[in-house]
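Okay, so here's the structure we're looking at.
When a ligand or atom number is given, it counts from 1 through the structure's own listing order. Just so you know, residue 1 is the first one in the sequence shown, and it goes up from there.
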Amino acid sequence: MGVLNVTPDSFSDGGRWLNSGTAIAHGMEMHSRGADIVDVGGESTRPGAERVSASEELRRVQPVVVALVAAGVPVSIDTMRAEVAEACVSAGACMVNDVSSGLADPQMLPYLSTVAVPVVLMHWRGQSSQMDTLANYADVVLDVVAELQARVDVATACGIVPERIVIDPGLGFAKTPSHNWQLLQHLESLLATGLPLLIGASRKRFLGELLARGDEPRSMNERDDATTAITALMASQDVWGVRVHEPRSSRDAVEVVSAMRGVR
Ligand code: PMM
């Protein structure tokens, strides 16, 4: 899954793809570089970020979704709003990625029960403006699995069949670097849910800190090799997908893992 943030302030690529034309070209390029799905988002979720209005979010994403769909690119819409999800699914988006797993907008799960697209439910404890204060866990792996399972139960009770649900532990969302590593070290607990698993580690702060020189984190654009290493490890553990900024190297890593297993 290729990341396409049409925002001025995302931590990883904020401002780079704010212009629709540039965003569309980048989405097409990511598809040609191996992204099976391009995940289009119009609202930053970086720690501390404030929300934008639904109309501004739609203004950013809609033309990009329409153009990518017209070009034959499978598009996922990264939104916490039912209104934005609905407009984009109507425009041809084939997946909804809700980082709040339906918690931010009470209309989201009821809306998703009316359409047939797959849905990503990510572990989330609160809006970005406050999430750094919510990183308190008795056992991060057990707590995340239990809280995600509770969201899956709510989604299925709303009428979303489990076959349509993908789960994601939400690395960096109300989680310290140590929490992120513990989750990655215990993927078996997430995989035991039996649901497809999506992992979004790409260029995140915990990689910058891992690769820091002294107090200086590794810069954003120099975290792709570590991201690719994570992709290889994820592929070897039957993770369903990875959400990355540079699809080519992750795609290659998946091919290598497949070849090692004698499957393509
Ligand atoms: N991370 C970000 C945004 N959306 N969606 C899912 N499902 N999983 C993630 O880990 C995730 C996400 C924030 O990172 P970005 O600035 O690179 O988009």
Atom CZ of Arg261: over 12 foreign heavy atoms under 6.0 Å:
yes
Using 30° and 60° as the class limits, which term best fits the ring planes of His26 and Trp17: parallel, tilted or perpendicular?
parallel
Numbered atoms and elements of ligand 1 in range of Val120, under 4.0 angstrom, heavy atoms:
7 (N)
If you measure from each non-hydrogen atom of Arg243 to ligand 1, which part falls under 4.0 Å: side chain, backbone, both or neither?
side chain
Using a strict threshold of under 4.0 Å (side-chain N to carboxylate O), is an ion pair present between Arg203 and Glu246?
no
Does any N or O of ligand 1 fall below 3.5 Å from an N or O anywhere on Asn5, backbone included?
yes
Is ligand 1 under 4.0 Å from a heavy atom in the side chain of Arg46, in the backbone, in both, or in neither?
neither
Can you pull out the closest protein heavy atom to atom 14 (O) of ligand 1? Residue, atom name and distance to 0.1 Å, please.
Phe11 CE2, 3.3 Å
How far is atom 4 (N) of ligand 1 from its nearest protein heavy atom, and which residue and atom is that?
Asp78 OD2, 3.0 Å
Shortest protein contact, atom 5 (N) of ligand 1 (heavy atom only):
Asn97 ND2, 3.1 Å
Would you say Lys204 touches ligand 1, if touching means a heavy atom closer than 4.0 Å?
yes
Protein heavy-atom partner closest to atom 13 (C) of ligand 1 - residue, atom, separation in Å:
Thr45 OG1, 3.5 Å
Verify the distance criterion only: is there a donor paired with an acceptor across the side chains of His31 and Glu29 at less than 3.5 Å?
no
Are a donor atom and an acceptor atom from the side chains of Thr176 and Ser178 found within less than 3.5 Å of each other?
no
Below a 4.0 angstrom heavy-atom separation, can you tell me which part of Leu198, side chain or backbone, both or neither, approaches ligand 1?
side chain
Looking only at protein heavy atoms, what sits closest to atom 6 (C) of ligand 1 is Asp168 OD2, 3.2 Å
Atom indices of ligand 1 within 4.0 angstrom of His245 heavy atoms, with elements
17 (O)
